[in-house]
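Residue numbering restarts at 1 for every chain, and letters A, B, ... go by the order of the sequence lines.
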There are 4 protein chains.
Amino acid sequence: MKKSKPKYMQIIDAAVIAIAENGYHQAQVSKIAKQAGVADGTIYLYFKNKEDILISLFEEKMGNFIEKIDQMIAGKGTATEKLLMMIEAHFSMLYEDHHLAIVTQLELRQSNKDLRLRINNVLKGYLQVIDKIILEGIETGEFSPDLDVRLARQMIFGTIDETATSWVMNEEKYNLLALASPVHRLLINGCGFGRLVE
Amino acid sequence: MKKSKPKYMQIIDAAVIAIAENGYHQAQVSKIAKQAGVADGTIYLYFKNKEDILISLFEEKMGNFIEKIDQMIAGKGTATEKLLMMIEAHFSMLYEDHHLAIVTQLELRQSNKDLRLRINNVLKGYLQVIDKIILEGIETGEFSPDLDVRLARQMIFGTIDETATSWVMNEEKYNLLALASPVHRLLINGCGFGRLVE
Amino acid sequence: MKKSKPKYMQIIDAAVIAIAENGYHQAQVSKIAKQAGVADGTIYLYFKNKEDILISLFEEKMGNFIEKIDQMIAGKGTATEKLLMMIEAHFSMLYEDHHLAIVTQLELRQSNKDLRLRINNVLKGYLQVIDKIILEGIETGEFSPDLDVRLARQMIFGTIDETATSWVMNEEKYNLLALASPVHRLLINGCGFGRLVE
Amino acid sequence: MKKSKPKYMQIIDAAVIAIAENGYHQAQVSKIAKQAGVADGTIYLYFKNKEDILISLFEEKMGNFIEKIDQMIAGKGTATEKLLMMIEAHFSMLYEDHHLAIVTQLELRQSNKDLRLRINNVLKGYLQVIDKIILEGIETGEFSPDLDVRLARQMIFGTIDETATSWVMNEEKYNLLALASPVHRLLINGCGFGRLVE
DNA sequence: CATGAATGAGTGTTCATTCAT
DNA sequence: CATGAATGAACACTCATTCAT
């Protein structure tokens with residue numbers, strides 16, 4: 001299988017660096033090849049075209065992350081605790097890989113609609129993990145029984161994503177990891193004191 | 001001033017339509033010119049370059065919106081009520097202009113980093129409105145006194161944005177306006193029952 | 001109309017020269033543009049793509065020739081005389097335009113099958129002229145009444161084409177025009193004395 | 001010698017099939033290798049380069065044909081009869097090998113000028129056979145004593161070639177073999193009744 | 001003010017050939 | 001002898017911008 005070939009990951013890792021350092025549109029195939037230490041043509045032995053590199057990049061990195069999260073939260077713990085673990089894992093992944101953070105939060109978003117749709121497909125796995133936690137929280141009584149799952153998921157993902165993007169845009173000046181806990185508290189408690197009745 | 005010229009807005013409106021219908025990368029200057037009913041060269045009498053059209057587009061549309069919001073929440077009402085008004089105004093704007101929704105939520109995001117940074121500059125005005133509401137809420141005791149303003153703002157904006165983007169991506173199948181109230185409740189209350197202590 | 005623009009013919013003429021001097025596969029678009037004294041991009045204001053230049057080239061040059069022939073033989077004269085006029089006109093066209101001879105007899109033949117099919121479409125007009133002469137010859141009793149029109153046409157065209165190609169391949173060492181009359185006699189009389197009975 | 005190795009012909013036959021089925025420009029070396037059941041690199045143990053495969057293909061197939069013709073007409077018979085035998089042999093060869101017909105009549109013609117010059121070199125052997133028949137016909141009085149041998153040869157070859165090419169282009173809808181006799185009669189008698197005097 | 005013809009820089013991809021195994 | 005992974009040169013086409021009219 002392709003993925004067992006060492007050059008497959010070598011090229012993907014090179015793409016992350018090339019895109020992070022040059023920007024999405026300035027990361028030409030030849031630049032990625034050079035970064036990977038292979039010839040331009042070699043790229044096409046492992047990827048169908050340039051877009052395929054980007055899809056694969058996202059699938060490998062995000063796919064791995066989702067699997068990791070999935071296993072992590074499979075064990076014991078409340079839904080509330082699981083949500084915290086997930087946020088920490090997410091922030092940790094970005095915190096530990098500077099290049100990857102830039103690529104996923106900024107550069108990959110300027111891909112065209114088709115590519116974004118395929119990226120969203122990968123993201124679905126992540127959203128399903130969030131949904132799983134929400135449903136569990138409702139069942140155990142931790143979360144409000146009339147919580148709209150879709151909206152809750154959008155709040156959780158939107159908040160995490162916006163926090164991460166702001167951090168990257170601010171050139172990672174502060175410690176993203178330290179934000180996991182307060183972000184988590186916000187998501188659980190909201191801004192107010194739960195006194196809202198409509 | 002440029003903006004007093006009728007062709008200025010004519011071109012911006014044409015750009016919204018051209019981008020919404022063709023996608024960001026397929027909305028060539030010549031297509032925008034054609035849609036606006038002017039010659040290609042005329043564009044450059046009103047805008048410095050293509051990027052300037054996009055910036056101006058965002059400034060005009062979002063700037064108007066921010067002003068409107070600012071006036072709207074200047075009147076009486078609690079912070080909680082103001083937040084709801086803001087969300088409703090935001091969703092309403094997208095709901096009422098199909099093309100604009102596509103352009104701001106999907107297409108304009110695939111601009112390059114430089115352009116996005118300048119767009120974010122426009123967004124700062126919006127974020128300041130959010131901040132104003134949060135601070136007011138803390139002062140009045142509606143919101144938790146130890147709320148991290150930056151994080152709360154990121155949650156609010158992230159949630160609203162993610163909800164809007166999901167709606168556009170789902171081809172606007174459901175009524176976005178109806179989501180304003182539940183989204184608002186979520187932001188105020190969070191997922192749980194405020195019992196989290198860390 | 002495109003063809004009224006001077007640059008249209010300017011580019012076609014440049015293509016003839018560029019192809020004749022560099023060969024079909026070495027006549028890059030940029031070389032044609034340079035020869036025509038225009039920018040690369042200008043080519044695409046007048047032609048859909050590179051193949052379109054070649055099709056148009058053939059249509060313009062051969063199309064004109066066919067029209068000329070058609071008018072020429074419309075007047076008086078026997079079929080036999082008309083055939084001679086046609087051969088003379090054909091050889092004359094090649095003889096007078098060294099570059100065109102190379103392009104039509106050698107270079108354009110190495111185009112791909114699709115292009116060749118479209119070129120053949122243009123040639124159909126020429127073959128129809130030949131057919132017209134043959135049919136007239138049969139009617140007037142100049143030609144054998146049981147002549148197979150398709151085969152006769154293939155003999156006439158094949159002989160003319162082979163003669164011209166050989167002449168170009170031999171670097172035009174001898175006078176092609178002088179061959180019109182003997183070729184004509186051959187086509188009318190064949191190799192033998194008409195004594196063949198089968 | 002190369003030719004004694006079984007893989008030599010194996011590759012040539014594979015080339016004929018690959019070119020006939022995919023077209024000249026789509027018959028990559030790797031496709032020929034796959035068709036031949038050998039590795040890409042193996043090709044280069046038997047041929048200097050890709051062009052060498054094509055030359056060799058033509059030499060093998062056409063060379064064999066020329067030898068066969070040469071022997072065939074060495075026996076008794078008039079020049080007129082020999083010409084018929086040659087046409088029949090030529091048409092028969094194409095008729096019996098569908099792939100070869102496509103390759104020699106259509107695909108190989110889109111090779112570059114150099115390759116075509118070398119192919120013409122192989123063809124010289126064929127043209128010499130034609131010349132031999134013509135000279136014999138003149139000697140025996142079958143053909144006109146003032147026949148221009150070169151032109152007669154060009155008529156004979158051009159007619160045969162054009163007839164064959166038309167047949168292939170028309171997807172071999174009709175029986176090529178049946179055309180040998182009428183084509184032969186045409187070449188001997190010409191279109192008219194031999195009454196032409198100039 | 002307005003036009004639109006002309007410009008020309010920039011890049012993903014193919015495929016014949018090589019050579020270490 | 002045979003393999004097939006790796007190489008890297010080469011090129012058509014787009015489109016934001018200009019400027020003579």
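Across the protein-nucleic acid pair, D:Lys34 atom NZ and F:dT3 atom C1' stand 15 Å apart, rounded to whole Å. D:Lys7 has its NZ atom 10 Å from the C1' atom of F:dT3, to the nearest Å. Summarising the geometry, the separation between CZ on A:Phe47 and P on E:dG12 is reported as 15 Å, rounded to the nearest angstrom. Rounding to whole angstrom units, NZ of residue B:Lys31 and P of E:dG4 are separated by 18 Å. Whole-Å rounding puts the B:Leu115 CG to F:dA16 P distance at 14 Å. Between the OH atom of B:Tyr8 and the P atom of E:dA2 there is a distance of 16 Å, given to the nearest Å. Between B:Asn22 atom CG and F:dT14 atom P the separation is 16 Å, expressed in whole Å. Separating the CG atom of A:Leu45 from the P atom of F:dG8 is a distance of 13 Å, rounded to the nearest angstrom.
Ring geometry, D:Tyr8 versus D:Phe47: the interplanar angle falls under 30°, so the pair is classed parallel (tilted spans 30 to 60°).
Of the residues B:Ile19, B:Asp13, B:Ile17, the one that meets the side chain to side chain contact (heavy atoms under 4.5 Å, CB included) test with B:His99 is B:Ile17.
Contact annotation: the side chain of C:Leu57 never approaches that of C:Met62 to less than 4.5 Å [non-hydrogen atoms, C-beta and beyond]. C:Leu54 is not listed as a side-chain neighbour of C:Phe58, based on a closest heavy-atom distance of 4.5 Å or more. Using a 4.5 Å cut-off on side-chain heavy atoms (C-beta onward), D:Asn120 and D:Lys124 make no contact. Between B:Leu108 and B:Ile119, some side-chain heavy-atom pair lies under the 4.5 Å cut-off.
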Tabulate atom names and distances for all N/O pairs under 3.5 angstrom spanning the protein and nucleotides 11-13 of chain F.
| unit_1 | atom_1 | unit_2 | atom_2 | d |
| --- | --- | --- | --- | --- |
| F:dC11 | OP1 | C:Gln28 | NE2 | 2.6 |
| F:dA12 | OP1 | C:Lys50 | NZ | 3.1 |
| F:dA12 | OP2 | C:Val29 | N | 3.1 |
| F:dC13 | OP2 | C:Tyr44 | OH | 2.9 |
| F:dC13 | OP2 | C:Lys50 | N | 2.9 |

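Between A:Thr42 and B:Ala39, the residue anchored closer to the 5' end of DNA chain E is B:Ala39, taking for each the nucleotide with the nearest heavy atom. Along DNA chain F, the nucleotide closest to D:Gly37 and the one closest to A:Ile43 are compared, and the more 5′ of them pairs with D:Gly37.
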Annotated structure of DNA chain F as dot-bracket, pair cut-off 3.5 Å, Watson-Crick or G-U only, | for inter-strand, is .||||||||||||||||||||
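With C:Lys31 contributing its side chain and C:Gln26 its backbone, the two residues share a donor-acceptor pair below 3.5 Å. In terms of modelled atom types and a separation under 3.5 Å, the side chain of C:Glu107 and the main chain of C:Tyr24 share a donor-acceptor contact.
B:Tyr46 has a side-chain polar atom (N or O) that falls below the 4.0 Å cut-off from OP1 or OP2 of E:dA2.
Listed by chain and number, the residues in a side chain to side chain donor-acceptor pair (under 3.5 Å) with D:Arg118 amount to none (sequence neighbours excluded).
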